[in-house]
Every structure is written in structure tokens, then in C-alpha cells.
Amino acid sequence: MVLSAVPQPASQPGSRMSRQQQQRTPLKHSDNVVEVKSKFEAEYRRFALKRNGPGGFREFYRLLQTIHRIPGVDVLLGYADIHGDLLPINNDDNFHKAVSSANPLLRIIITKKEDEPIVFATNSLQRRKKGLGLTALRTTGSGSTHSRNKAGLMIGLPQNFRQISSIIDVDILPETHRRVRLHKHGTHKPLGFYIRDGVSVRVTPQGVEKVPGVFISRLVRGGLAESTGLLGVNDEILEVNGIDVAGKTLDQVTDMMVANSHNLIVTVKPANQRNNVVHRGSKTSMGNSGSVGSAGSTSSAPSHDSPSPASQSNPITASNSIAEGDSDDEDDDGDLILENDCLAPFDSQRVTNSNNTNLNRDSPSNRPHNFTVVRPLPQSLSLPNSIGTNLSDSSMMISNQNGNPTHTSSSSQESMREDGNIITL
Amino acid sequence: MNLFFIVFLVSSVNLSSVCLSHIFALSVILSQTVEHGFPHQPSALAFDPKLQLMAIGTKSGAIKVYGAPGVEFTGLHKDTTAVTQIHFLPGQGRLLSLLDDNTIYLWELVAGAPREVGGVKKDGVVCLQEVSSYSLPGRPGIESCSATRVTVLLLLRSCDLLCIGTEGGGVYFLELPRLTLKDSQTLLQDQITQSLPDDYRCGKSLGPVESLQEHPQQPGKILIGYSRGLVVLWDLSTRQVEQLFLGKQQLESLVWERSGNLFVSSHNDGGYSVWTVTNGNTCNQQPVSSTIPYGPFPCKAINKILWRTTQTGSPVLLYSGGMPRASYGDRHCLTIQQDKEHVTLDFTSRVIDFFTVHSIEQEKEFDEPSALVVLLEEELVVIDLQNPGWPSLPTPYLAPLHSSAITCSFHISSVPPKLWERLVNAGKAQQGRQHAHGSWPICGGKNLAPPPKQQELLLTGHEDGTVRFWDASGVALTPLYKLGTANVFHTDCDPCDDPQDPSNDPDMQQEEEWPPFRKVGCFDPYSDDPRLGIQKISLCKYSNKLVVAGTAGQVIVLGLSDERSDHMVDVSVVDLLQDREGFTWKGHDRLEPRLKPAPFPPGFQPLVLVQCLPPASVTAVALHAEWNLISFGTSHGFGLFDYHRRNAVLARCTLHPNDSLAMEGPLSRVKSLKKSLRQSFRRIRKSRVSGKKRTITTPTSKEANAALAEQEDVAPVQRRIEPRSADDSLSGVVRCLCFADTFLRDGTHHGPTLWAGTNSGSVYAYALEVPGVGSGRACERGGAGESSVCVEAVLGKEIQLMHRAPVVSICVLDGRGKPLPDPYEASQDLAIAPDMTNAHSVLIASEEQLKVFSLPKVSAKTKFKLTAHEGCRVRKVALVAFSSTAQEDYSEHTLVCLTNLGDMHLFNIPALRPQVRYDCIRKEDISGIASCVFTKNGQGFYLISPSEYERFSLSAKVITEPLCSVQLDRPLEPTPASDGTTTQPQANGTHKNQMGQAEGRSQHTHTHTHTHTHTLLPLTCYFSPCLFFLFITL
């Protein structure tokens, strides 16, 4: 890949010369070259970049490090998009997006990682635009009028994003259907929906036929289902994790959903057919079609090959098959198995009474009242409730984040280690 | 017996399983073989004195025919209408049934295809089959059919004519066996009224025909009794009234004396009258005698009366009802009277009908009744009339399983002969006090079934704290022994006086009580104390140790003893809460143990009582007699107890801190009340909304939309979709416990372990130190002295299943993937020793998933997510050994899962590959599913009604079903299309009726040649389904 960093002589920030250059260049480079203006602390650098040139985020990152002469410094990249929002660049996807949306100038803001992280937010730049003099960013159609008085939405750092839902298999499903994946991991939100029996009308060669069906009857406010915006009341449920629900009773479907609740994939026929993903042709709508409310978390069909920004932390394979297999193995390891260290291998010293008391206090169990008793019975100790709850909380995190073992909360791990126990996940 | 359509789930089978399954093939079927127990809601009774067969009809339209023990036939009407009457055509193997919808059906025992049972070919497979039916047409011009509603049937001895008495007072005649109406013979009431004296007639109708009885000596003469009291002797040949008996009291029933010289009528006012029949006297005004036995105060009607003559003296008079209305009007009584002897049998349920077994040969002068058979609503009682005192006879079948409600059941196969013998003796000692040893009077037919290869025991726990031991080896479920646990406790009623044998109680006899009541029967639905109820049973058949656990947290360890003993029972209290704070138990109190020594009869005698605290119902129990350990669990936790050293080893609380419901106990309704209030408000709100909606949409929109709207209106059932959380209520309930000798510490040393699974998907595994058990341990501490060493338990592993579904079962598999043998089996060479060289694994079945984990490092090996695939939840799990039909000694273990939808899923282990699925129990039949118990060889039982167990078999090898012959005196008709397509009858409709296909049956039929009159004809009421065989090959 060629990141043709047209070497811009180290110009002083805000020098007149570079501004003149900037005014001159557009005619020449408008088609295939992007003007880049990058800022690191108080320094600006300007250079050109081939618009359609191959290359990705890594190369660009290295290039910036070279240009700013900060090799080895961990930085975060951000760019100002056409709406004046400061958005992150941290993967190929959003790098390409940034390059393609540069019109005419791509503004890059570099911050040190150790610094207070920048808060990526909508309108974050606009509010500061006067001070920064970013007039160029103010493009037509940015809709700044309506948002002027509103506080911008706060957007967290990308690595803090957790995928909560996705639309999958758009390319193999009929346009009228939608396959939604809900990720329950780590959220404290309830799934938050109810289903009911109903009558579904099917069009067959014989005419209209009424068959029993299962529908979403209610969304709980603040629940996961509602917050994704991908499911709605009266949506008909067609499949649960790849299994057709036709002919199944409401209770069966309920049981299937509950059984899959940690990684629920429902195929619905939305009651509102206006927001359907048009999956051929308009690439422009990608990622936005159905992902209201779950910022940057949808990986819609056209972007199969490249993971969506948010999926960095928890990569999913948006494969056609939602067969059990994929997700299964993840789930399996979800069973939390606590082994007792004190349970000496067979020939070791016998566990004595005092040892036992130790065991009780240092129990690997999340349960507060785990005691092993050698008589007399009431001798056993039990943990105060508060500690117990803490422990069980932390363990819940462990069990919930099975898909992402690295996230195992360090605190719980520490506490476990203190207890001299091994956790196998 | 029903056939079931077998649905195959043949998954991709790899080569390794093919070679096994090829032998395994053909050995798995599902057939429902026999119903044990007492028919639910019986409504009719009949007896064939020639064939010695008894028939019982039920309200659900079933007819069950019983003969000698093991002889059973079942027929099922197409409609589930109550059978109101049954009449045998004596000796013909035919019977008539009258249904509540006024139709008469003729049934026949017909020959079917021969079949092979246990290698022996039994030909002449016969079932009870409906042949024809007839329903009486209404009288022309009269819309209501009540006039021709049948009240009584009389079958003439010649068996060619059926007389039908109707509500309108007419008597109709049907020719048999074709069931054609003889129009010319019809006798309407007008014909009778003409011959009546004017003062009797007084312009009123005679009322419905109440009774029809044929003259015992002169064929062709029948006695017709009308409701108003008139009795007419009618000559069929001359169509003349021979005699009139002008009764004044409303008539209930009639019976002839054997000689035909007199008859007896019973009446509505509780009295009976004796009338003489003398030739030439055409009009009798007064009976010879008229008695109201329980007068003088108003009495209830005598519904049925029998008059049986004896050689020795005065006749025996038997009648039901007639009790003084005010004082005993609510009793269900039957009186037996002979001379001065007078007994009022006092039953606990309604008398449906009764008959006597007596001599039927015409030449004999006397009836000589030998037995009285009374069908009650809940049981069958047989009284021996030959022995003085009229003792009751134990019934070899039709046992009232539900004498107290069944709360749990446990099955033991291949019971060692020694235990069997001791149980039988203990049972005999119990019965000896109650029953004389008369012979069973109903002994028709011949049981052709081969004697059972092994003895099987079915134990049922009851609400009143008893455990009943049943012989489940054959078709007839016979009571063996009854164990009461109430006498361990101090209860309000003294457990010493057994309420069931007041006959022996001298006080009761001497008291000048009138009527002279005698309590008969064992149906006793009222429990003295619900806390006595038995929840879990476990029996070790080698060491004869029994563990019984009940509703109030009591766990009793019992041992078998042949001697009567008076001793104190040791009491040990185990606190499962372990001083956990913030919880108070608001449920019932514990049962108070008895303070003074109690007498214990021979049989199982209590050794130790372990009382769990809080006294919540015991939800799981495990026994390991070899290690002298029991384990028990409640909704609060579980405990381990060494009953040899009498000390508690372990108590572990499984409660989640947020679970308040478990703590408060069943009496706390706070939560549910709140819930129900909320629901009812929601309902009100919904109904308002929907009401509005209806008025708007229905008139305006199209039909389809209207239907849709309607659908929405019917209270849409909603289901919340939410993963289980740790603090769901009752998450700490211990669901299963299991002992195993396996590898928990490391891969090289095995030792005793205890496994416990809870409602929230937690599994706890404890390593146990049992003195003297484990490789080489005994020698090491040889010096310590046995008695000073106690059992210890150390927590080894804790597994929290991700999906948090209740753990239904835990089972450890050996190195070959076979379940570990029972205690003692391995050490005493009673079973193939488990493979201890290869790695063991543990099978954990939750309601949602089946999973096999490797041991000692618990990591998932194989799994099957049943709920995610099928939407059904696991209710019962069993590891069953299926023996191959092809190879005698080969058997394979299979995991059988009964789900909440009532279907059975079979999986191979440890691969957990689905093998086959059957529909078995209706999914609405929740109690049926909950009561299901499996045997180790592929059979099972479930309750189809409170009083009946359905027995089913998943194994083609092991089937227990009736196979019997009856000697008929008619030529046996060829079977009209008796192939597998006819539905096999089933008395209760609890199972799904899906018919299997029956190819290959026809080729058998030719082997059966029609037999001639008076040949012994083996008739079998069931035939085995022809089946889809399970064939798992590529």
C-alpha cells in the first residue's frame, strides 16, 4: 500500500504559507488525493493522501507517527466528519470512511493515550468551532440548526463499546424478514420483551390462509429489546436461533427463547415494513438502516468481510449460519467451574479441622455460605452477607463475559487469587 | 395398549455408533402395555357366572374385564360416554353395554393374530371388540327421547332376547346377537293398565320400568316392576299378564327367590317386601311381609336387594342403602343379613353395584352364595360369605392405589429372592389380622403369560405417611406390604389403632350400636396430618435399607427386621440454614418425634430419624448403604448423614440471599397475592380495552379481520422472555443428589463423592472420606480405630451452569461410558465392575440441556440443548439398559428423557446423540408426567388417574402385558380385519392416540385356524403393536 504522504515541509502551525498552498491544491487533487491536516498537541501537519489508494488504519497510524515525529507514542486518532462530529479512527473501516468523507479536507486530531481521553461526541466540534476556527467543517446540510441548542450525545471510546444487537444474514433473508441478534452479555438491562399467541396471515397459492403465530406483545421500557430499536410490538416471530417456530406452542417458544437468552437470535417479520433493509444496491444506507439507537453496532450485510467498528472488542462472525454450533462453544465455557484448591490430591495431608475453617473463609464459592463442616456442625463459619454479595456480583461478571475472557474483571480475579483458588473458564 | 408412531431423529451417525446400534436396533419400541390399579370412576358392574369373568364399565366409556389374576381385557367405546350397565351373555364371551347416550353395544372376544412372547408362540390373539350397536328410536311423533330412554336391561337365559325397560314405561325386545327390534312384541304401558283394577289405576302413569327379572324356573316369564310400585308377571309367549302385584311404595329393585315361588321388592322408603307367587291368584294386593330394617325413622331407599338361599337355613339377604336418613343418611352402606346375623358394611365411597357369586346349576336347590363382590366408586371389596363373620378377601388386582393420595413412587427391578420372601412374610403378618384366607371367587380365564423372569417392586409413598410395596412383576399389581411412618411421630391420632381393622376391636363389637357398622375397604382419602406425606423414597435391595423422606423435613432410615420390636428411634437434627441470618421460616412446624418407645411390627423398622431444619419438604434423597450414608435436600440446602455412626457429616445451605420465598415457606402468600392482584387488575384493564375494540372493529371490518380481532380479544396470553437470574425464587431447591465412587481429586485416585444439583443450575461435588473405603486408605489408618474415625466431606467442585436451569439429574459414567453400578453390586460381583482405568465423566441433565463433563477436570465434553432445539423442558431422566432382541447378553445404556410435552427422547451416552422420540403422555396431563417413574430395563409407570398406573415399555424385550385364554362355548368368529389399524383400547384417554402402522401383521393371520366349539381358545386381549423399528444405520 502506498500512503503517499506528500511531504509537506514542516510548516509552523497556522502559517500563511500552508494556507496558501491549501488554497492552491484542491483543483489539482480533488479527485484522487485527500488533503490531510493533522493536529497533535499544538502542532499541525499537512499532507496529501491518495483517496482510493490501498492501505489501512495501521499504515496511516504509522504515517502519522512519522510525520509528527512521535514514534512509540501511543495515540488516539480522531477526525472531524462532515457534520462536525469528532469521530474516532481506530480500524480500517472508519479510516476508509474518514477518507471517503473528507470534503475537501480531512482533519485529524491526535491525542496521547495517557491523556484524558477525548470525548467523542456529536456536535463536539461544532461547539468549539469558533475557537478552533473550523469553518471549513461547516458544510451544507449538516443540520446544525436544529442541534445548536441541544447538548450533543456523548459517545464513549470505541473500545468501551459493547455490541448489544445486530441485524444479520440480510443477504439470505427475504426483505420482509429481519434476523436480530441480541447480546445479553454483561448488560444489566433485562431483555425486556413479551410474546403472545396470534394469528398470522399467509398468502398461499390457494389464497389467504390464517395460521397461528407468535408475536411480540410488549417491549419493556429501557429493556434491551427496546433499546435496539430492531424489534417492535406485533412483529411476528418466525425463528428462534435458527429453529422454525411454526407448529410450536407459545410455551415452547418461550422456553426456546429463554434457553437461548444469552445469545438470542430471532427472525421476525416486522409489523412495520417501512424500515426494511434494502440489501442490494444502495450501499449508502449501510449500517444505518436498522441500527437506530445502537450506535455503530450494526454489522449489516454489505460489510460482511470487514468487521464493524464496535465488533473489535467482541468479534462476531456475521455468518449466514446461525447454527447452534457457532455460539455453542462460547456458551459452554460459560459454565462456571470452581475448583477447590484445598481439596488436596489424594495422598496429601488430610484436611484437618483448622484447614477446613480456612476453606470456609476462603471458599471459592460465590455463595457466601459455603461451608464444609466437620463436626460439630455449627462450627462452620459463614461470610457476612455484604461480602457475599460482592463476591457473587463479581462472579456474575465472570460468567456473563464468557465470550470475552480477557474482560474478566480483574478485581474478582484478584480476590479469587487471594483465596488461593483457581478459576477455570 | 396403544401404538405410537415413532418419529425418527436420525442424526448424522458416525461409524463408531453404527456398529453398536446395529445390534441395538429392533429393541426399542414404545408400547403402553397395561393399566395397574383401580379404574377411575367406575359406573357399571357385571359378572359372568359361567366364564367367571367380571366386567367393570367406567364413566369414560371403558370396559374392563377381569378373571383370574393376570386375565384382563379392555374395551373402549368410541365415545367417552359413561357406561351405565353391562350384561354378559353367559358363557359366550360376549357382553352388552348400555351407554349414557342410550345406545346399546355388543362386545365380543375375537381372535386376533398369534404372537410370539418370550420365544413361545401363542396363537389366537384376541381382543375385546365392539361388534354392533343399537339405539332405541324415539316414539313417533314425540320429539323428546326421554320416553324411550333405557332404564333397565334384561337378558333372557336363552341369550336370544334382550328386554329393554324404558323411562316411558314401555318394554321393548331385541333379538340377539343381531340387535334387531322385535316390533310386534313391544309391550307398552297401556296394555298393562287395562288389566289393572280401577282403584289402583287412578288415572296415573305407572312410571318408568325399574326392574325386569326373568322367572328362575319358567323361561319366557318375566317380572316387570314399575316405578310406582306395580309388579307384573308377564308371559312372553302368550303376551298375557299372568299375575299382578299391587305395590303401593315406590319401587327400586326386584329379585326372585331361586325356586320362583316368591320374589322380593325393595323400595324408596328404605323397606323391602316379600311377595309370593302362587298360581291362579292373578292379583295380589299385599306382600307376605314388609320390613323397614332401619326404621322407624325415615330411611333412604334400598337401591338394590339380593335374596340368596342356603342349604343350612334361612336365606341371606343383601341390600344396599336403607339407612336412617337423619343419622346415617350420608353413609355408603350395604347390609348382609341372615337369621340373627346382621352386618352393615360401612364403605368410604359410594356403592356402584354388587353381585354374589353362587351356584348357577339349575339342578341345585340352593344358591349357596360363596362371595359378595361390591364395586365402590374407589375400590372393589369382596366379602367371603362362606366363612363365619363374613370376612373380607384381599383382592389380587384392582388394588386401590390411591387409598391415600400417591405422593411419590420408586421402582426396584430384580429384587433378590430373600428380600422378596421377607417382604411377603411381613405383608402376610399384616394381613393375617384382617383377612381370612378364602379363595378368590373370580377365576375365569387362564393366564398364559410366562412367569416373570424377575421380581419387581413398586413402592408408592402416600399422603398419610405410608409406603406401600406392590408386586409389579406381572399384569396384576398386588399389594405386598404396607409401611406406616406415622408411629415414629407423636400425632393427634394414636397410630396404634389401625383404622382399618375395627372388626378386631372388641370394643366396637360389644357396643350395642345400631346399625351394626363394620368399616370395610381401605380407601381413606383423608390424611390426618399432611406433614406425614412421603416425598422421596430410596431402597437398597441388597442391604435392605430404606430411606423415606417426608413433607415436614423428616428423613427416616429403616432396616428390615422379621421380629416385632419396641424401641426408641434416634433423632438427629440437621440445621440446613447454618445460622444464616435474616431468614425466618414461616411454614409448618416439624413433626414431634415420639417420646416413648413405639412398637414396630415385623418389616421395615425405623432406625434413625433425621430432622431437617427448617422443616421444609424434602426434595431429594440419596442412599449409599455400602458407605452407610444418606443425603437429603430441601429448598434450603442439603445434608449428609452417617446413619451407622449416627452423626451429621455435612450441612450445606444452597439459598441465594435474595430468595425470600424459599425462606418463608409454603404458607407465605405475600408474593403470590401481590402477583395475583396485579394480574387481576391487568385483566380488568384488558377486558375494558378489548370490549371497546370489539364494538368498533367487528361490525365494520371483514370477516377475517373480525376473527382476528376475536382472537386478540380472548385474553392474549403473554410470556415474558428473560434469562433466569440467580435470585429467582426457590433457586436453592436441591433437585437431585447422587453418590458415586469416582475421580474428583485427580485422575489417578478415585473415592466416594457426593453430587448435588439445585434449581438454579448449581452443582456441588464433595469428596468424601469414608473410613475403610478408597484405595489403601483403610490400612493407613489402621491404628486409628474404626469407631473414632468419622466420615468427612470436602467441597471439591462447584459448577454453575450458564443457563441456570434446574438440574434434574446427575449421573457419573465410568470409563466405558456406562453408569456406575448400584452400591454393593460391584463389591459383591452382582454387576459388571465399572471401568476405573479410563477417565470418568459426569452427566448433568438440566431442564434445558444434557451435558457430559469429563472428570476430574470438569470440562464439557458433549451436550445436547434440548430446549433450544425443541422448545420442551426435561422433566424426568433415566439411564435405561436396553437389551438386544437379537443377542441375549448384549445391552446398551440409553438416556431416556421425559419432557414437559409428554414425549420421550432417547439419547445414546455419552455422545448424547438423539436416537428416537415418542409421544407418550398428553402434555396437559401434568400429574401424569410428574408421576412417571422408569425401571432400569426400559419400562415405566405413570398415573393416568389418581388410582391407575399406566405401564409402558420402551423395550421390545421387556414387556409386561396380559396374555390369557378363556374357554368359550361358542364358535369363535374369524377376526374381522383385526389388524393393527384397529385402535387398541385404553381405558383412560390421557395418552395421545397416534396409531402406529401395522405392516407385516397380515402375514401372521393365516397361521391361525378357526377353532371349534369347546376347544380351549387362547384369547389375548392385547397384541403388540407392529412397529417401526428403530434402525440407526447409515
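Letters go in sequence order (proteins before strands), and every chain restarts at 1.
Remark: B:Gln718 CD to A:Ile195 CD1 distance equals 9.5 Å, nearest 0.5 Å. With rounding to the nearest 0.5 angstrom, the CZ atom of B:Arg720 is 12.0 Å from the OG atom of A:Ser217. To the nearest 0.5 Å, atoms CD (B:Glu870) and CD1 (A:Ile243) are separated by 7.5 Å.
Heavy atoms of other residues, nucleotides or ligands lying less than 6.0 angstrom from NZ of A:Lys269 number 12 at most.
The ring pair (Phe, Tyr, Trp, His ring centres under 6.0 Å) search around A:Phe193 returns none, not counting sequence neighbours. For B:Glu847, the side chain to side chain donor-acceptor pair (under 3.5 Å) partners two or more places apart in sequence, or in a different chain, are B:Arg873, B:Arg875.
When side chains are defined from C-beta on, B:Asn900 counts as touching A:Asp255, because their heavy atoms get closer than 4.5 Å. In this structure, the side chains of B:Lys865 and A:Asn260 come closer than 4.5 Å at one or more pairs of heavy atoms. Inter-residue side-chain proximity for A:Ile337 and B:Lys857 is flagged as unmet; no heavy-atom pair is nearer than 4.5 Å.
With respect to B:Arg719, the side chain to side chain donor-acceptor pair (under 3.5 Å) criterion is satisfied by exactly one of A:Asp251, A:Asp197, A:Thr254: A:Asp251. Each of B:Lys797, B:Glu798, B:Gln800 was compared with A:Leu338 under the side chain to side chain contact (heavy atoms under 4.5 Å, CB included) criterion, and only B:Glu798 meets it.
Of all non-hydrogen atoms in A:Ala259 and B:Ala868, the two that sit nearest each other are CB-N, 4.0 Å.
For B:Glu722, the parts lying under 4.5 angstrom from a heavy atom of chain A are both the backbone and the side chain.
The candidate with the highest count of non-hydrogen atom pairs below 4.5 Å against chain A, out of B:Leu866, B:Leu801, B:Ile721, is B:Ile721.
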